[in-house]
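In this text the structure is predicted, and so the values were computed from the model without any measurement.
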Amino acid sequence: MAFSCQQMPEDEIYMPDAEEPLDVQVRSAEGIDIIYPISLYAYSNDGKLVASQQIADEGDNMSLLLSEGIYQIVAVSGLSSAYQLSENPSLDDSIVMAGDEGAKTPLMIGRADVNVNQNSNARVELMLTHVVAELNVTLKNVPNDVAGVQMTLSPLYSSLSMDGHYSGTSQKVKVNCALSSNGVWETGPIYIFPGSGQKSTFSICFKKKDGSEVTYGYTYKGVPEANKQFNVVGTYTADGVIVGGSFDVNEWEDAINVDFEFGGSEVPDVEDEEGSDEPVIDLTGVPEIGTIWNDMIVVDMAETDDGKIDLLLMSLDEWDATTSQVDDVISGYSINGIAEWRLPDYEEAKLLRARFSGDNRLELNDLIAEYDEGLYGLDGEERYLCLKEGAYYSFKFAGGTTISKAGEKRSYYVRLVKSYRFEKN
């Protein structure tokens with residue numbers, strides 16, 4: 001066979017009664033190349049992965065052996081080291097954007113529901129579409145004493161579940177621009193998940209030849225969108241003159257073109273009907289995601305409309321408890337004056353699993369060990385408690401695993417979380 005079948009993990013093995021071949025075809029919009037390999041997945045009604053294939057080349061056969069039933073078929077194209085995905089993902093597992101540099105390949109996904117039975121020749125055709133935005137940056141009139149230019153764009157979604165839901169609202173991308181032959185600083189294309197808010201914040205850092213740095217901020221009342229180019233054209237100026245620009249649009253949907261000036265004078269957002277300046281959120285001193293701050297793990301960060309910062313924190317402490325003992329664990333727990341901790345809810349558990357599985361979990365555990373050798377790291381094999389609609393569920397810090405209802409007798413690991421409004425001193 002020209003494709004390879006993946007072995008399901010032991011607790012996810014699906015045993016069909018009788019298997020029928022499901023022929024699969026994929027296509028994309030005219031003029032858009034499909035990036036191989038393609039990862040092909042079949043999910044049962046309960047979201048479990050029942051079959052998967054890796055399609056290496058265009059000429060390889062796509063055929064899944066499935067028992068009778070209704071399935072959701074998902075095809076993923078463009079996976080690279082920039083996208084983290086477990087080997088055998090469940091339907092609510094997520095593709096996570098690794099790091100803050102974006103991706104060099106565009107991620108495309110196609111989905112379809114299909115009914116497999118012995119009385120018909122099962123066949124499904126999947127239409128692949130971009131689930132990322134294409135970021136292109138051009139910065140003009142940059143002073144000659146500048147040796148390097150970096151632009152940061154936020155907030156963005158950081159993950160996309162296999163069933164098509166974006167999550168993680170605090171991702172940022174940092175792109176380094178290069179000086180072109182025509183005297184402008186530019187970069188792209190870089191592929192990012194869509195914006196997670198209603199506005200986009202740009203921070204443009206000039207690294208000067210004398211070693212000093214200066215950063216300029218700008219807020220745009222719009223966000224990157226999936227399957228669209230997000231073309232940023234900025235012009236450095238000290239006298240308030242706006243210089244526009246755009247890019248040609250090829251193959252993607254209509255582009256979003258952002259033209260603005262930055263530099264010595266502040267200029268109102270051109271889309272602000274009242275003409276008032278939009279606040280640029282200063283993230284100086286705000287702890288980064290995946291770090292340890294004030295004896296707590298920073299899980300997520302969100303920027304509010306009024307310029308505040310909301311953090312999702314997780315305890316460094318870990319307990320072993322039954323569901324009946326959870327209230328005793330939570331009662332009176334406080335870290336450095338921060339109280340009212342709780343179990344993660346279902347969506348937070350999915351975020352924790354996506355953010356701290358695989359290599360990310362190992363990196364966090366190394367950080368915890370450096371911080372305090374007496375602390376436990378996250379366990380990728382044992383289950384941790386969370387809540388779903390008031391009921392106890394459990395999850396693992398490992399991709400490809402399910403979030404399932406917790407039993408009353410056995411014990412689970414417990415890590416508490418806290419939603420915290422960060423205030424600068």
Side-chain angles (χ1 to χ4, degrees), residues 31-33 35 78 80-82 97-107 130 132-154 156 171-195 200-220 222-267 269-271 280:
I32 299 179
D33 293 331
I35 299 175
S80 68
S81 59
M97 184 72 73
D100 56 10
E101 298 178 352
K104 299 299 183 183
T105 57
L107 190 67
H130 292 110
V132 291
E134 180 186 291
L135 173 65
N136 297 284
V137 180
T138 297
L139 301 175
K140 304 176 180 179
N141 291 356
V142 175
N144 292 329
D145 63 345
V146 172
V149 177
Q150 183 181 76
M151 191 197 78
T152 302
L153 169 63
S154 66
L156 307 170
Q171 180 85 14
K172 63 178 65 176
V173 63
K174 297 179 181 179
V175 296
N176 294 312
C177 299
L179 183 61
S180 67
S181 58
N182 57 358
V184 301
W185 291 78
E186 57 189 9
T187 189
I190 293 170
Y191 301 99
I192 56 177
F193 283 137
S200 298
T201 299
F202 302 97
S203 297
I204 301 169
C205 178
F206 286 171
K207 301 177 181 180
K208 297 189 175 183
K209 296 177 181 178
D210 62 4
S212 63
E213 294 185 1
V214 60
T215 300
Y216 303 97
Y218 180 82
T219 298
Y220 167 68
V223 296
E225 299 178 21
N227 205 31
K228 291 186 178 183
Q229 292 175 316
F230 194 69
N231 299 321
V232 177
V233 180
T235 301
Y236 178 83
T237 177
D239 56 12
V241 177
I242 297 177
V243 180
S246 64
F247 285 76
D248 293 333
V249 181
N250 295 311
E251 303 166 356
W252 296 59
E253 293 180 0
D254 293 343
I256 299 173
N257 296 313
V258 184
D259 306 326
F260 66 95
E261 71 162 3
F262 63 97
S265 60
E266 295 184 4
V267 179
D269 190 319
V270 296
E271 293 194 12
V280 175

Task: Steps toward side chain to side chain contact (heavy atoms under 4.5 Å, CB included) verdict (W185, V137) - done: CA-CA 8 Å; W185 291 78; V137 180; over 6 Å; no

Would you check if L153 and F230 make a side-chain contact, meaning some heavy-atom pair closer than 4.5 Å? yes

Residue set satisfying side chain to side chain contact (heavy atoms under 4.5 Å, CB included) with A82, at least two apart, ordered chain then number -> S80, A103

Item to check | Full working for side chain to side chain contact (heavy atoms under 4.5 Å, CB included) between E186 and S180 | outcome: CA-CA 7 Å; E186 57 189 9; S180 67; 3.4 Å; yes

Contacts of D145 meeting salt bridge (charged side-chain N to carboxylate O under 4.0 Å, His left out) (sequence neighbours excluded), chain-then-number -> K208

With sequence neighbours left out, the residues meeting side chain to side chain contact (heavy atoms under 4.5 Å, CB included) with V223 are S200

Residues passing the side-chain hydrogen bond (donor to acceptor under 3.5 Å, both in side chains) test with N144, sequence neighbours excluded, are none

Those residues at least two apart in sequence (or on a different chain) that pass side chain to side chain contact (heavy atoms under 4.5 Å, CB included) with E213 are C205, K207

If we ignore angles and hydrogens, is there a donor and acceptor under 3.5 Å between the side chains of N227 and E225?
no

Do L135 and V232 make a side-chain contact, defined as non-hydrogen atoms from C-beta onward lying under 4.5 Å apart? yes

Q) Taking the six-membered ring for Trp, are Y216 and F202 ring centroids under 6.0 Å apart? A) no

ask   = Is there a side-chain contact between I204 and V149 (heavy atoms, below 4.5 Å)?
value = yes

May I ask you to test the Q229-N136 pair for a side-chain heavy-atom distance under 4.5 Å? yes

Sequence neighbours excluded, the answer for side chain to side chain contact (heavy atoms under 4.5 Å, CB included) partners of K174 is D100, Q150, T152, K172

| Given the rule in the side chain to side chain contact (heavy atoms under 4.5 Å, CB included) test, do Y191 and K104 qualify, once you have shown the distances and angles that lead to the verdict? | CA-CA 6 Å; Y191 301 99; K104 299 299 183 183; 5.7 Å; no

Requested in this report: Decide side chain to side chain contact (heavy atoms under 4.5 Å, CB included) for L156 and V173; before the verdict, give the C-alpha distance in whole Å, the side-chain angles of both, and the deciding distance to 0.1 Å.
Outcome: CA-CA 8 Å; L156 307 170; V173 63; 3.8 Å; yes

